[in-house]
Amino acid sequence: MIGIVFEIIGIIAFLLAGNAPELFLARAMQGLASGAISGPAGALLFHYRGKTGAILTSFSTSSGIAVGPLLGGFMAEYLPFPLKLVYIISLIITIIPFIFIIPVINRFRIDNNHNVFKFHFPKLDMEAKNLFILSAATASIAWSITVFYLSLSPFYIIELLNISNIAITGLLVFLMLVISSIMQILSMKINIFNSLTIGIISIIIGIILIIVSLPFKSILIFSAATITIGIGGGFAFTGATRGIRTIAPPLRMGNVLSNYYMILYFCMGFSDIILGLIDNMLGLFNGILYYGSSLIIISLVIIIFLYRHRMKIIID
C-alpha cells in the first residue's frame, strides 16, 4: 500500500513538474514505490505459486517495462497532450488496484493483529550468502545491460539513423523486452544453472554486437544485439530469481528479496551514472567501448563462479 501511495505521488509530481529538479523528485518517488512494492509482491508470489512465482515475478517486471515505452512513445508521438496524457492514464491505472488493495490490507491487519506498516530492515542468511551474491550479481548484469540498451537505443535511432519518431524508439525497446519476457517463460524448462549460463553468455555476445554496430552504423547488427540481449536478460534474470527462491527461508522471503532488489536497483542506477561520466570524459563511442568491456569482464568472472558453485545451484 505504501508503494502505491509513493507511485501516485510520483505520477502527480510528473504531471506538475516544470523543471529538471522537479522531474528528478518525481522519479525519486517512483523509485521509492518500486522498492516498497518489489520485495513484498515477489514474496507473495513465491509463497502462493512456488517456482511459478519466480517466473511471474521476473516476467511481470520485464513485460511491464516493455509495454511502457511502447505505449508512452505512441502517445507522445501521435496523441494530444504528449507530455501529460501518459501520466494521466498511468494515474488512473494505479488508482484502480489501490482501491481494491485497501480492504485486503484492512482485513489482513485484523486477522493478524499487528501493524502491517512496520518497517523491517532487510536481513540475509549467512549460509546462503555466496549463492545470494552470485544470483544478485547475475541479475544485476542482466539489468545493467538492459539499462545500457535503454539509454543507447534512442540515441542510435535518432542520431545515427536520423529517425526522430519516438514511437519507433519505443517499439525497439518493446521488442527487446518482449523477447526477454518470452525467454523467461522458456527458462522454466531448464535448471537454474543452465538458465544463468545461457543468460550470461548471451549478454556477452549482445554487448559485443552493440559495440560493433556503432562504427558500422548497422541496424542489422543492432537488431541482432537487441534479440541477443533480450534472450540473455530473460534467462539470466529468471534464473537468478529462481535461485533466490531456493535459498531464502519461507518466513524471511520478503527480507531476502528486498536485499536482492536493493542491489539490482543500485547497480542499474550506478550503471547509468558511470556511462554518463565516461561519455562526458571520453565521448560516446569510447564510453560504450569501456563500459561494455567492463560488463564483459564482470560477466566472465560470474561464469567462473557459476561453474565453481554449479552443484549447489543446478537443482531447482
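Formation of a donor-acceptor pair under 3.5 Å by the T246 side chain with backbone atoms of G243 is found in this model. Between the side chain of N286 and the backbone N or O of L282 there is at least one donor-acceptor pair closer than 3.5 Å. With hydrogens and angles disregarded, no donor-acceptor distance shorter than 3.5 Å links the side chain of S195 to the backbone of I192.
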Could you go through the ring pair (Phe, Tyr, Trp, His ring centres under 6.0 Å) check for Y149 and F222 one step at a time?
CA-CA 10 Å; Y149 180 88; F222 194 77; 5.5 Å; yes
Worked verdict on F14 versus V86 for side-chain contact (heavy atoms from CB on, under 4.5 Å):
CA-CA 10 Å; F14 271 118; V86 62; over 6 Å; no
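Note: L175 CG to S223 OG = 7.5 Å, rounded to the nearest 0.5 Å. I198 contributes atom CD1, which lies 4.0 Å from atom CD1 of I190 (distance to the nearest 0.5 angstrom). To the nearest 0.5 Å, atom OG of residue S140 and atom CD1 of residue I298 are 9.5 Å apart. Taken from CG in L196 to CD1 in I201, the straight-line distance is 11.0 Å, to the nearest 0.5 Å. The CG atom of L209 sits 10.5 Å away from atom OG of S202, with the distance rounded to the nearest 0.5 Å. From L91, atom CG reaches atom CD1 of I88 across 8.5 Å, with rounding to the nearest 0.5 Å.
Checked against the 6.0 Å centroid threshold, F81 and Y87 do not count as a close aromatic pair.
Residues S299 and I200 share a closest heavy-atom pair of O-CG2, 3.6 Å. In this structure, A225 and G206 approach most closely via the heavy-atom pair CB-O, 3.8 Å. Here the closest heavy-atom approach between residue L16 and residue E22 is recorded as O-OE1, 3.8 Å. Residues A13 and A26 approach most closely at CB-CB, 3.5 Å, considering heavy atoms. Of all the heavy atoms in Q184 and T238, the pair that sits closest is CG-OG1, 2.7 Å. Between I278 and G287 the shortest heavy-atom distance is CG2-CA, 3.1 Å.
Counting only heavy atoms from C-beta outward, the side chains of I210 and F148 approach each other to under 4.5 Å. The closest side-chain heavy-atom distance from M29 to E7 is not below 4.5 Å. Between R242 and S187 there is a side-chain heavy-atom pair separated by less than 4.5 Å. In this structure, the side chains of T197 and I303 stay at 4.5 Å or more apart for every pair of heavy atoms. When side chains are defined from C-beta on, T146 counts as touching M176, because their heavy atoms get closer than 4.5 Å.
There is no path of hydrophobic side-chain contacts, each under 4.5 Å, that joins I207 to I304. I297 and L134 sit in two unconnected hydrophobic clusters of ILVMFWY residues. Membership requires side-chain heavy atoms under 4.5 Å apart, directly or through other members. In the hydrophobic cluster analysis, where Ile, Leu, Val, Met, Phe, Trp and Tyr join through side-chain heavy atoms closer than 4.5 angstrom, F24 is grouped apart from M268.
Only one option out of Y307, F305, F235 pairs with F193 in a ring-ring contact (aromatic ring centres under 6.0 Å, His included); it is Y307.
Between Y260 and F237, the ring planes are parallel. Angles under 30° get that label, and only those over 60° would be called perpendicular.
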